[in-house]
Amino acid sequence: QTIVQRALGARDLRQAQMGVAFAGFLKIIPPVIFMLPGILCFVLHPDLADPDTAFMTMVTNYLPVGMTGLIVAVLIAALVSTVDSGLNSFSTVFTLDIYVSKYRPDATPAEIKWVGRLAMIGVAVLAVLFALSMEGVGKNMFELLQGIISFIAPPMGAVFLIGVLWRGATATAAYATLIGGSIVSLSVGVMHFKHWPGESFWPNHLLLAFYLFAGISSFMVILSLLTEHSANEEKMPTLRQTYTDADSSPGFIWMLWAVLAAIMLIIYLVLN
């Protein structure tokens, strides 16, 4: 939702596709930004006690005062933007898709606004408490962030991809996959973080996320085959229908994605 809401703000379909493709190419840069300062810090400060302080150690020791202030401003802006996107997304989904849709369809705009604000405050407090509870899991910040995403993403990724790419997916299967898949995925994540039943029992969290995604996807496909489309399901247009209605050719977009895939594959093969 935090990413899709940006694409939904585009002027038209082509602008949204170009923006997402541009963001995909920008994703080539973060590995260099993340890894290079860490490698330099490892060489210059091999006895650094806490890996999470590597970036700020490099900033405070090797950048001039003005540049240090600029880096701090960039970090604050990035943090505020990330938190703002997450809080806004949760508030939007809770207020419009749950509160208004299920309980108060006749709610006034003022009431919706206040409910959205309260939902945003509530989830912000929960996020702070959750962050404090994760402090003692024994992982550095990068591993912790990637690990949390690894156990949140599989059910949503499965429902999104299968729902878009396969017309046979049913609403019943999607709903059951979101609920059941999230319970399984998050439960496995908690056991992984707590090293239960043993630290060597679990594979790396990224590989484990793939296993969860494959299993949850299989569950949704099987359940879709066993259930029927309900009468109140909205029929999504196919990609071909979407391009026809928008009078847009996907050829250039597919070429951009092919170039990006080739670049990513080359980077992987070189670094591997």
Between [X] and [Y], is there a shared hydrophobic cluster once you connect ILVMFWY residues whose side-chain heavy atoms come closer than 4.5 Å?
{"X": "Leu70", "Y": "Met56", "value": "yes"}
{"X": "Val59", "Y": "Leu75", "value": "yes"}
{"X": "Val115", "Y": "Tyr103", "value": "yes"}
{"X": "Met255", "Y": "Ile263", "value": "yes"}
{"X": "Leu96", "Y": "Leu118", "value": "no"}

Parallel, tilted or perpendicular: ring planes of His192 versus Phe151, cut at 30 and 60 degrees
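Taking Phe151 first and then His192, their aromatic rings sit tilted (interplane angle of 30° to 60°).
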Between atom [atom1] of [X] and atom [atom2] of [Y], what is the distance when rounded to the nearest 0.5 Å?
{"X": "Trp257", "Y": "Phe25", "atom1": "CH2", "atom2": "CZ", "value": "8.0 Å"}
{"X": "Thr92", "Y": "Leu87", "atom1": "OG1", "atom2": "CG", "value": "10.5 Å"}
{"X": "Lys113", "Y": "Ser91", "atom1": "NZ", "atom2": "OG", "value": "12.0 Å"}
{"X": "Phe160", "Y": "Leu165", "atom1": "CZ", "atom2": "CG", "value": "8.5 Å"}
{"X": "Arg11", "Y": "Met18", "atom1": "CZ", "atom2": "CE", "value": "11.5 Å"}
{"X": "Leu186", "Y": "Ile148", "atom1": "CG", "atom2": "CD1", "value": "10.5 Å"}

Would you say [X] and [Y] make side-chain contact, with heavy atoms under 4.5 Å?
{"X": "Gln17", "Y": "Arg14", "answer": "yes"}
{"X": "Thr170", "Y": "Ser230", "answer": "no"}
{"X": "Val190", "Y": "Phe193", "answer": "no"}
{"X": "Leu207", "Y": "Trp202", "answer": "no"}

Is it true that atom CE of Met191 has more than 12 heavy atoms of other residues, nucleotides or ligands lying nearer than 6.0 Å?
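More than 12 within 6.0 Å, yes.
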Hey, is OH on Tyr62 packed in by over 12 heavy atoms from elsewhere, all under 6.0 Å?
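Check passes, neighbour count above 12.
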Quick one: do Phe94 and Val123 satisfy side-chain contact (heavy atoms from CB on, under 4.5 Å)? Show the steps, please.
CA-CA 10 Å; Phe94 175 82; Val123 74; over 6 Å; no
Step-by-step side-chain contact (heavy atoms from CB on, under 4.5 Å) determination, Tyr99 to Glu111
CA-CA 11 Å; Tyr99 182 78; Glu111 180 182 351; 2.4 Å; yes
To check you understand the geometry: which heavy-atom pair defines the closest contact between [X] and [Y], and what is its length?
{"X": "Ala21", "Y": "Leu256", "value": "CB-CD1, 4.1 Å"}
{"X": "Gly168", "Y": "Ser224", "value": "O-CB, 3.7 Å"}
{"X": "Thr95", "Y": "Gly116", "value": "OG1-CA, 3.2 Å"}
{"X": "Ala49", "Y": "Pro51", "value": "O-CD, 3.7 Å"}
{"X": "Pro154", "Y": "Ala209", "value": "CG-O, 3.8 Å"}
{"X": "Ile33", "Y": "Pro37", "value": "O-CD, 2.9 Å"}

N/O donor to acceptor pairs below 3.5 angstrom from side-chain atoms of residues 215-223, sequence neighbours left out:
{"from": "Ser217", "atom 1": "OG", "to": "Phe213", "atom 2": "O", "distance (Å)": "2.7"}
{"from": "Ser218", "atom 1": "OG", "to": "Ala214", "atom 2": "O", "distance (Å)": "2.8"}

Can any side-chain N or O of Asn61 pair as donor or acceptor with the backbone N or O of Thr57 at less than 3.5 Å?
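The answer is yes, because a donor-acceptor pair under 3.5 Å joins these two groups.
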Donor-acceptor pair, side chain of Trp166 and main chain of Leu161, under 3.5 angstrom:
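No.
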Using the side chain to side chain contact (heavy atoms under 4.5 Å, CB included) definition, which of the options Ile71, Leu40, Leu63, Thr53 pairs with Met58?
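Of Ile71, Leu40, Leu63, Thr53, side chain to side chain contact (heavy atoms under 4.5 Å, CB included) with Met58 is met by Leu40 alone.
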